[in-house]
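Scope of the values below: all heavy atoms of this structure, side chains included, with no hydrogens, waters or symmetry mates. Small disclaimer: the values here were computed from a predicted structure and weren't measured.
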Amino acid sequence: MDKITVAEARRVEAVGRQVRLRGWVRTRRDSKGGFSFIELNDGSCQGNVQVVAPGELGNYETEVKHLHTGASVVIDGEVKASPAKGQATEVLASRVERVGDADAESYPLQKKGHTFEFLRTIAHLRPRTNTFGAIARLRNQVSKSIHDFFQEQGFLYVHTPIVTASDCEGGGALFRVTTIDPDSPPKVDGKVDYTKDFFHKPAYLTVSGQLQVEAFACSMGKVYTFGPTFRAENSNTPRHLAEFWMVEPEMAFFDLTDDMDLAEAFLKRIIRDALTHCAEDMKFFAERVDKEVFARLENVLNNPFRRVPYTEAVDILLKAGKTWEFPVAWGNDLQSEHERYLTEQHFKCPVILYDYPRTLKPFYMRVNDDGKTVRAMDVLVPGVGEIIGGSQREERLDILEERMREQGLHPEGYAWYLDLRRYGTVPHAGFGLGLERTILFLSGMANIRDVIPFPRTPGSAEF
RNA sequence: UCCGCGAUAGCUCAAUGGUAGAGCAGCCGGCUGUUAACCGGCGGGUUGUAGGUUCGAGUCCUACUCGCGGAGCCA
């Protein structure tokens with residue numbers, strides 16, 4: 001008697017084996033011929049295994065015929081080739097143990113489909129559905145691909161801090177971390193005295209591990225960080241979360257071209273792995289979620305990413321003969337409508353835009369010789385828009401300080417970061433990829449709240 | 001944060017300002033190596049909240065709450 005998964009039991013090689021299966025009932029169909037069919041799922045794969053429960057079972061009338069959707073069971077039996085259409089194998093049960101019943105009157109999941117909006121209100125039960133099981137497995141695969149890709153290339157995984165005491169990229173997008181009693185905060189000169197706080201200064205949840213991971217790139221060479229990231233922006237859209245996962249590689253002695261090469265290879269690896277290792281789930285997405293998903297992924301996989309300077313992109317947009325909701329002009333940031341036009345209609349393939357105006361990008365991006373642009377790059381893909389943002393970093397101390405002042409930042413607050421340029425500075429580059437947006441792209445799911453187990457958005461931190 | 005749409009049974013949705021319904025799910029029965037099974041019966045409602053207009057409001061008006069879509073910000 002081997003304990004096996006539903007995924008194993010569904011394979012024809014399992015025929016003839018005596019096995020034990022553990023899982024949850026998806027549906028039950030009774031036959032007056034004196035037996036029942038139980039669709040069993042244990043999360044190991046998209047499909048269920050059909051269990052045939054004969055009427056001779058001692059608990060057939062008392063328990064088996066009353067197994068509801070959602071009940072947990074242990075099944076002992078023999079895997080057999082299925083005589084009927086719909087599945088290659090089935091399990092003839094010699095024992096069915098009901099472990100935990102699920103009251104049919106109150107259990108919210110039904111055999112039939114539910115809207116994603118409704119499932120969001122029962123986020124603790126939705127992994128028991130086809131779609132969210134598939135998402136969970138895909139998320140796992142993408143996480144594994146991220147580690148595999150970088151580890152195989154000799155990258156070092158660095159754990160950057162979740163709590164940061166430096167107010168990195170400016171103002172209001174940060175969650176404050178404090179142990180101060182909000183009802184009676186210590187005060188000095190009428191303002192809250194953060195020197196009395198846990199860290200003796202204001203502290204926040206990280207918005208990016210980039211600055212810290214640069215420190216390790218400038219000593220270990222090729223490194224990456226992969227973890228949760230927090231934004232307190234009041235964005236209520238299908239593409240934003242207050243808590244999300246981001247992978248950020250950072251490489252010493254890399255220029256912007258090296259950075260683009262890596263980003264392109266990385267994205268293609270993630271897609272290839274998903275198609276190879278999540279084939280059944282990807283097929284489910286193509287059939288039930290987004291019919292275009294394979295075409296879109298093949299397009300990205302099989303085309304070189306078109307690399308276009310920002311200045312050229314602006315020219316293309318100006319000559320497109322279209323009326324834009326937001327004006328196109330050199331120095332203006334590109335809007336969603338512009339990015340989508342470039343990747344979906346003009347080039348019809350993935351596009352990497354680079355060399356953006358210095359006024360549009362953060363202080364740490366390297367200034368080009370023209371003095372007007374910086375070595376920034378954004379990867380745009382059809383169907384989603386921007387999926388990766390990166391840059392070659394400014395390694396020259398004097399220019400970096402100048403850029404900080406230009407953007408109203410105080411170099412004194414970044415002493416440790418400036419030390420990386422003061423002592424043994426090197427050209428280096430990196431990028432960031434949002435995990436959830438990648439899952440949206442891969443699955444064709446429409447709402448980012450449905451590709452993370454427990455979404456956190458403005459006004460919502462349930463579960 | 002701005003603009004738009006919505007909220008009715010457990011779920012998905014109907015209902016000219018005039019007695020709140022259907023399908024699915026559930027329960028009971030029937031039938032069947034079934035496949036989102038099928039057939040019959042039964043139970044199920046403070047129509048998001050608070051006001052207002054009206055003889056009469058699920059329906060019209062106001063505010064609020066929540067959800068969704070678009071935009072901004074961004075990953």
**Q** Under a 3.5 Å cut-off for both distances, is B:A22 Watson-Crick or wobble paired, and to whom?
**A**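 Here B:A22 is engaged in a pair, and the nucleotide opposite it is B:U12.
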**Q** Salt bridge check, A:E406 against A:R358: does any charged N sit closer than 4.0 Å to a carboxylate O?
**A**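 A:E406 and A:R358: salt-bridged.
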**Q** Within the 4.0 Å heavy-atom criterion, would you say A:P83 contacts the bases, only the backbone, or no part of the nucleic acid?
**A**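 Contact class for A:P83: base.
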**Q** Going by the rule ring-ring contact (aromatic ring centres under 6.0 Å, His included), which residues pair with A:F118 if we only count those two or more places apart in sequence or in a different chain?
**A**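 So A:F118 forms a ring-ring contact (aromatic ring centres under 6.0 Å, His included) with A:H114.
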**Q** Tell me, for nucleotides 38-45 of chain B in 5' to 3' order, what letter each nucleotide earns: B for a base near a protein heavy atom under 4.0 Å, S for only sugar-phosphate near one, - for neither?
**A** --------
**Q** Looking for any heavy atom pair under 4.0 Å, which part of the strands does A:E90 touch: base, sugar-phosphate only, or nothing?
**A**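 Base contact.
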**Q** Could you tell me the Watson-Crick or G-U partner of B:G67, where both distances fall under 3.5 Å? Say none if there is no partner.
**A**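 Pairing partner, where one exists within any strand: B:C5.
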**Q** Could you tell me whether A:R29 and A:E39 make a salt bridge, using a distance below 4.0 angstrom between a side-chain N and a carboxylate O?
**A**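 Salt bridge present between A:R29 and A:E39.
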**Q** Just the rounded figure in Å: distance from P of B:G26 to NZ of A:K65.
**A**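 It works out to 15 Å between those atoms.
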**Q** Which value, in whole Å, describes the distance between the P atoms of nucleotides B:U1 and B:G58?
**A**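 B:U1 and B:G58 have their P atoms separated by 32 Å.
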**Q** Quick one, A:F149 with A:H147, criterion ring-ring contact (aromatic ring centres under 6.0 Å, His included). Give me CA distance, side-chain angles, the key distance, then yes/no.
**A** CA-CA 6 Å; A:F149 177 83; A:H147 286 297; over 10 Å; no
**Q** Given the C1' atoms of B:U49 and B:U8, what is the spacing between them in whole Å?
**A**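 One C1' to the other, the span is 15 Å.
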**Q** After noting the C-alpha distance and the side-chain angles of A:F175 and A:Y204, does the key distance pass the ring-ring contact (aromatic ring centres under 6.0 Å, His included) rule?
**A** CA-CA 5 Å; A:F175 284 103; A:Y204 309 89; over 10 Å; no
**Q** Please determine if A:D255 and A:R366 form a salt bridge, counting it only when a charged side-chain N lies under 4.0 Å from a carboxylate O.
**A**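 So A:D255 does not pair with A:R366 through a salt bridge.
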**Q** Salt bridge check: are A:E63 and A:K65 linked by an N-O gap of less than 4.0 Å?
**A**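 Salt bridge between A:E63 and A:K65, a charged N being under 4.0 Å from a carboxylate O: no.
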**Q** Rounded to whole Å, how long is the line connecting atom CG of A:N48 with atom P of B:U35?
**A**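 After rounding, the reported distance stands at 15 Å.
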**Q** For B:C60, give its Watson-Crick or G-U wobble partner with both distances under 3.5 Å, or none.
**A**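 Across any shown strand, B:C60 pairs with B:G52.
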**Q** Given the C1' atoms of B:U53 and B:A63, what is the spacing between them in whole Å?
**A**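 Nearest-Å result for B:U53 against B:A63 at atom C1': 15 Å.
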**Q** Answer yes or no: is there an ion pair linking A:E287 with A:K283, defined by an N-O contact shorter than 4.0 Å?
**A**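 Salt bridge between A:E287 and A:K283, a charged N being under 4.0 Å from a carboxylate O: yes.
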**Q** Determine the contact category for A:L433: base if any of its heavy atoms lies under 4.0 Å from a base atom, sugar-phosphate if only primed atoms, P, OP1 or OP2 are that close, otherwise nothing.
**A**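 Touches nothing.
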**Q** Check the distance between B:A25's C1' and A:R28's CZ and give it to me in whole angstrom.
**A**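 Rounded to whole Å, this separation is 13 Å.
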**Q** What is the distance from NE2 of A:H68 to C1' of B:C27, rounded to the nearest Å?
**A**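 To the nearest whole Å, that distance equals 9 Å.
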**Q** Salt-bridge test for A:K322 and A:E337: reply yes if a basic N is under 4.0 Å from a carboxylate O, no otherwise.
**A**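 Salt bridge absent between A:K322 and A:E337.
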**Q** Could you state the atom-to-atom distance from NZ of A:K80 to P of B:G33 in whole Å?
**A**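 Rounded to the whole Å, the gap is 18 Å.
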**Q** May I ask you to say whether A:R307 pairs ionically with A:E264, meaning some side-chain N is under 4.0 Å from a carboxylate O?
**A**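 Salt bridge between A:R307 and A:E264, a charged N being under 4.0 Å from a carboxylate O: yes.
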**Q** I'd like the C1' distance from B:G6 over to B:A14, given in whole Å.
**A**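 My reading of the C1' atoms in B:A14 and B:G6 gives 15 Å.
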**Q** Which parts of nucleotides 66-74 of chain B does protein reach within less than 4.0 Å, heavy atoms only, written one letter per nucleotide 5' to 3' as B for base, S for sugar-phosphate only and - for none?
**A** --SSSBBBB
**Q** Would you mind telling me which of B:U35, B:A75, B:C27 lies closest to the side-chain atoms of A:Q87?
**A**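 Of B:U35, B:A75, B:C27, B:U35 is nearest to the side chain of A:Q87.
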**Q** Taking any strand in view, what nucleotide pairs with B:G29 in a Watson-Crick or G-U wobble way, both distances under 3.5 Å?
**A**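 Its partner is B:C39.
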**Q** Calculate the interatomic distance between A:L125 atom CG and B:A25 atom P; express it in whole Å.
**A**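 So the two atoms are 20 Å apart, to the nearest Å.
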**Q** Counting the atoms with a prime plus P, OP1 and OP2 as sugar-phosphate, which does A:E436 contact under 4.0 Å by heavy atoms, base, sugar-phosphate, or nothing?
**A**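 Touches nothing.
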